[in-house]
Structure formats: structure tokens, C-alpha cells
Amino acid sequence: MRKPGGPAAAQRPAPIWWRPVMRLLRRFGSFVVVGGLATGVQYLLLVLLVELAGVFAVLASAIAYGVASALNYLLNFYITFQGQAGHTQALPRFAGVVAIGLGVNTLCFTVSLLFLPYLLAQVAATLVTLVSNFVLHQFWVYRERKWRP
């Protein structure tokens with residue numbers, strides 16, 4: 001009697017859909033790590049601008065979002081999506097996504113400020129934009145002409 005998971009189980013090929021799904025999950029993981037780093041920079045700038053420079057919180061959030069977006073673009077272009085789409089294709093698309101994201105971030109941040117301290121308001125705004133940003137980056141910004149997940 002064979003035990004489950006023995007040599008016979010190891011020889012079974014993975015389903016055809018397995019590789020693209022795993023590649024997409026790895027890419028999403030990289031996107032989250034890169035985004036986390038950019039978000040850390042964004043929060044650091046937000047706190048520095050509000051606490052040390054006395055900048056109005058909504059303006060500080062927008063400035064920090066813009067600076068972190070530049071870092072996010074470079075890291076995602078070279079690490080997450082490995083430059084599959086060239087800068088001439090990806091950068092204008094990224095700029096459009098940043099403009100949309102800035103609008104969503106600023107709107108969510110401004111509304112959240114009515115109920116929360118500015119750092120918690122930024123957390124709420126960040127959570128709202130995470131999934132939509134990944135979808136736009138994956139399927140539009142960095143998508144090479146012949147798509148592979």
C-alpha cells in the first residue's frame with residue numbers, strides 16, 4: 001500500500017493553469033513588497049512634512065504620494081515586472097494610474113480626516129487603493145504587448 005504524497009504523487013504533472021497562477025501570485029507578492037517600501041517612504045514623508053515642516057495634512061499626503069510613486073514606478077518596472085513593457089509604454093500609463101491613485105488617495109484621506117487622526121486616515125486611503133493599483137499595473141501599465149501573467 002502506497003502512502004499519500006509518496007514518489008507516485010511527486011511524478012504527477014501540475015495542471016496547465018498552475019504555472020501562470022503561481023507566476024501571478026509571485027508577482028503580486030513582489031508588488032506588495034515594493035508597494036510596502038514605497039508606502040513606508042510615503043508615510044515617513046507625510047510625518048516629516050506635517051510634524052516638522054508644518055504642511056497641511058492633505059497637501060503633505062499628496063506630496064508624499066507623488067514622491068513615493070516615483071520610487072514605486074522604478075522598483076516595479078525593474079523588479080516586479082522586469083521591464084517587460086518599455087519605459088515609453090509603461091511610464092505614460094503609470095502617470096495615468098498615479099493621477100487616478102492620487103485622486104483616490106486624496107479623496108479617501110480627506111474624508112477619513114473627518115473621523116480619524118491623519119496617520120490612520122492615510123492607512124484607510126492606502127487600503128482603498130491597493131487592489132485597484134495592482135489590477136491597473138498588472139493588466140495595463142506593465143503589460144507587454146503579448147501578455148503573460
Are there more than 12 heavy atoms of other residues, nucleotides or ligands under 6.0 Å from atom CG of L52? yes
So L46 and L119, do their side chains get closer than 4.5 Å, heavy atoms only? yes
Qualifying residue for side chain to side chain contact (heavy atoms under 4.5 Å, CB included) with L107, from V111, V104, T110: V111
Count I, L, V, M, F, W, Y as connected when their side-chain heavy atoms are under 4.5 Å apart, and connections chain through other members. Are L74 and V97 then in the same cluster? yes
Would you say L49 and L59 are hydrophobically clustered, going by side-chain heavy atoms of ILVMFWY under 4.5 Å? yes
Determine whether V50 and V55 make a side-chain contact, defined as any pair of heavy atoms from C-beta on separated by less than 4.5 Å. no
Do we see a donor-acceptor contact under 3.5 Å between the side chains of T126 and Y43? yes
Measuring only between side-chain heavy atoms, which start at C-beta, is V21 closer than 4.5 Å to L25? yes
Look at the side-chain heavy atoms of Ile, Leu, Val, Met, Phe, Trp and Tyr, link any pair under 4.5 Å apart, and say whether L37 and Y73 land in one connected group. no
For H87 and F94: C-alpha separation, side-chain torsions, deciding distance, then whether ring-ring contact (aromatic ring centres under 6.0 Å, His included) applies. CA-CA 10 Å; H87 285 297; F94 182 83; over 10 Å; no
Ignoring hydrogens and angles, tell me if any N or O in the side chain of T106 forms a donor-acceptor pair with the backbone of G103 under 3.5 Å. no
Indicate if L71 and L45 have the same hydrophobic cluster label, given that clusters are the connected sets of ILVMFWY residues with side-chain heavy-atom separations under 4.5 angstrom. yes
Between CG of L120 and CZ of F109, what distance do you get to the nearest 0.5 Å? 10.5 Å
Would you say the side-chain atoms of Q122 and Y65 include a donor-acceptor pair closer than 3.5 Å? no
Is there a path of hydrophobic side-chain contacts, each under 4.5 Å between heavy atoms of I/L/V/M/F/W/Y residues, joining L114 to L127? no
Using modelled atom types only, decide if a donor and an acceptor are shared between the side chain of S30 and the backbone of R26 within a distance under 3.5 Å. no
Flag the pair R23 / F28 as yes when at least one side-chain heavy-atom distance between them is below 4.5 Å, and no otherwise. no
